[in-house]
Amino acid sequence: MFAVRIHGRGGQGAVTAAELLSVAAFDEGRHAQAFPTFGSERTGAPVVAFCRIDDKPIRLREPITDPDALIVQDPTLLHQVDLFAGLGPQGYLVLNTSSTLEELGLTELGQRLDPDRVVTVPATEIARQHVGLPVPNVPLLGAFAALTGQVSLDAVRDAVRDRFPGALGDGNVRAAEVAHEHVRTTMRRSADA
Amino acid sequence: MLRQVEGSQAVARAVTLCRPQVIAAYPISPQTHIVESLSDRVRTGELTSCEYLMVESEFGAMSACIGASGAGARTYTATSSQGLLFMAEALFNASGLGLPIVMTVANRAIGAPINIWNDHSDAMSMRDSGWIQLFAESNQEAVDLHVQAYRLAESLSVPVMVCMDGFVLTHAFEEVDLPSQEQVDAFVPPLVPQQLLDPADPVTIGAMVGPEAFAEVKYLMHVKQMAALDEIPVIAEDFLRAFGRASGGLLKPYRVEDAETVVVALGSVLGTVEEVVDAMRDDGLSVGALGITCFRPWPVAEVREALGRAKRVVVVEKAFAVGAGGIVGQNVRDATRNLPVDVYDVVAGLGGRPITRASLRRLLDDVVAARVDASRLHFLDLDVELVQRELERARHGARPGPHAENMLRDIGTVASGAYE
C-alpha cells in the first residue's frame, strides 16, 4: 500500500489531483482509491484529498494519517494546517514553491527527511505558463511521478487528457512534463553532487 | 467493464442501465452528483424515453415518483439527510400504496447541529417507513444493489431504498465493474405494474380505509416485507450467475464461523472492520464480522443463525435512538434473544467522524478483556472532557447559551463570529 495525502486550497484542484492519480494507477493495472475530506467548499479554504495505491483491492476507508507521500499545493498552508503530520523519515514530499525549504523555515523538516525524497517545484509558475491558470495540481502530479515512480508520466498524461479534452488537457500535459523534467534534473544534480 | 470512476457517476450509470422512465429529484449534498449526472444523461440522450423532473422539493420529488409509478412508469429519485426527512410523509404513502419506486440515499447526518457529513441517522429515521433498506459496502456493491433493487421492487411491488455512505462512497474514486446494457436488460425485464391508473380500466390507488380493514391492508405490507427475505437471496443468486460476482443478499459474514467476538456493522465501514478482523486473527484472537446488507426487512432468523456461536457481539452503528440506545443493536439483541451472548451497543462515526482501525482495535481489545459494560451504550472516541466542560458551563449563569457554539469555541473552531 502506498498512501498519498494532498494538501491544497479550494480552487487548486487537490481533489481532482487525487482522482487523476487514482486513474493513472488504475490504468497501470493497480488498485487505487481516491477520496476527499469535504468541508467548507470555498475558494481558498484548506482542502485535503487522499489516494491509496496498492497491488491488492483496497478495503480500508479511514483518512490517511501516515502518508508515504505528501503533495503540498500551497506552502502558505504551513501557518494554518499541520501539513507534515504522520510523514515518516522515509516519506516523500512534493512542495509547490519557488523558494527553498530553508527560505520557508523548514530546515528542520528537510533534515528529518531523506534529501532524495524531497523536491520543490514552482508548479504554480509552470501552470501559469503552460495552462494559463495558476492551478498547480497537474504539474505536481508530474513531479510526484518523477520522484516516487508510483505512476508513470504516460499514465498521468492519459488520465489528464481523458479528464480534460482539448487545449486545457494539452496545456496540463505540457505542465506535467515540464515539472517531471524539473524533478529529474534536480535529482540528477543531487546524485552528481 | 472495469473502470476507475467516482461512486456517484457509477451509480448514475447503473440507474441509466435500468431504464427509468421518470426521474424526479431535488439536489442536496452529498447526493447531488448522482442526479446531476442523470439529468446530463437524459439531456444527451444516453438515457432515452425518460422524463427528468427538476421538482421544487424532496416532498415534490417523492410525490412525483408516486404519481408516475401509479401511472405505470419505472421511477427513480435520490436524496440525503434533511431531504429524506422532508419526504417522510410521501415515503409512507409510497410503501403503503405498494409502489415499486427505487431511491438512493447518500447517507448523511441530520441536524441540528447542521452537518453535511456521513452517518446513518437519515436512513435509520425512516427504518419503519415500510421501504426495503439495502446498505452498500463499496461502490461496486452500490452499483449492483441498484440493479437488484429494481428486480426486487417490481417483483414484490414495494419501494426500495439503496443506502450508500455520503462522501465516503459517493465522492470516492475506485474501480467499479459496470455491467453492459444487454446484461441489465436481461436481469431487469420491462416493468409489469401490479396496479395501474388506466382510464380504460379505472381503479383507485389510495382508497381511504377505516377500522374495518386498515389493519389487514397494513398486515399485507408486513407480509410483503417477509416475502422479501426469501426473494432477496434468490435475486442475489441470480445476480451471481448473470454477472459473475457475489453482491447483495441479506448478510455478509466475514470469518464468523468460529469467532467468539463478532462485529456487526452496515455500509462502507465494513472494509475497515475487516482489516481489523484480519489483524486480530493474526494475533490469535477469534474475531469476525457480520455485515448487514438488508436492514429492512430485518433478517432476524439469519442474524440469529450467523451469531449463534458467538460469545460477544459488538454492534458498531452510525446512528442511535436518543434516550434509548443503539438501533441496530436493539434489533441484534432481538435476534439473539435467549442465546448466551453479550451484545455491545457502540455508536461511531457520527457526523463524518472517521472510524479508524486504531479506534476499532482499542474497542475490541477492551471488549475481549471484559473492560466494557455490555449493559451501557458506548460512544467510540467520544471527547468526554469536552462534554464535561460544557455540562459544567451549563450549570453556571442565567444564560449559558447554545451547546454547539459553546463547544466549537471550546475546541478553537469559531462557529459564527458573532462574539468578540
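Numbers restart at 1 for each chain; the letters A, B, ... are given by sequence-line order, proteins then strands.
- Both the backbone and the side chain of Arg357(B) come within less than 4.5 Å of a heavy atom in chain A.
- Judged as a ring-ring contact (aromatic ring centres under 6.0 Å, His included), and not counting sequence neighbours, the contacts of Phe35(A) are Phe50(A).
- Considering Thr272(B), Leu270(B), Val273(B), Asp165(B) as possible partners of Arg61(A), the one that fulfils the side chain to side chain contact (heavy atoms under 4.5 Å, CB included) test is Thr272(B).
- The number of heavy atoms from other shown groups lying within 6.0 Å of CG (Leu386(B)) is above 12.
- Around atom CD of Glu102(A), more than 12 heavy atoms belonging to other residues, nucleotides or ligands sit under 6.0 Å away.
- Near-neighbour residues of residues 274-283 of chain B relative to chain A, defined by a heavy atom under 4.5 Å from a heavy atom of that chain, comprise Glu274(B), Glu275(B), Asp278(B).
- In terms of heavy-atom proximity, Ala32(A) sits nearest to Gln4(B) at O-NE2, 3.1 Å.
- In terms of the ring-ring contact (aromatic ring centres under 6.0 Å, His included) criterion, residue partners of Phe243(B) (sequence neighbours excluded) are, by chain and number, Phe187(B), Phe239(B).
- Looking at Arg163(A), the atoms closer than 4.5 Å to chain B (heavy atoms on both sides) all sit in the side chain, from C-beta outward.
- Only the backbone of Glu137(B) comes within contact range of chain A, with heavy atoms under 4.5 Å apart.
- Residues that satisfy the ring-ring contact (aromatic ring centres under 6.0 Å, His included) test with Phe173(B), not counting sequence neighbours, are absent from this structure.
- When Val23(A), Ile58(A), Asp27(A) are compared by the number of non-hydrogen pairs under 4.5 Å with chain B, Val23(A) comes out ahead.
- Within 6.0 Å of CZ in Arg59(A) there are more than 12 heavy atoms belonging to other residues, nucleotides or ligands.
- A 6.0 Å sphere centred on CZ of Arg184(A) holds no more than 12 heavy atoms belonging to other residues, nucleotides or ligands.
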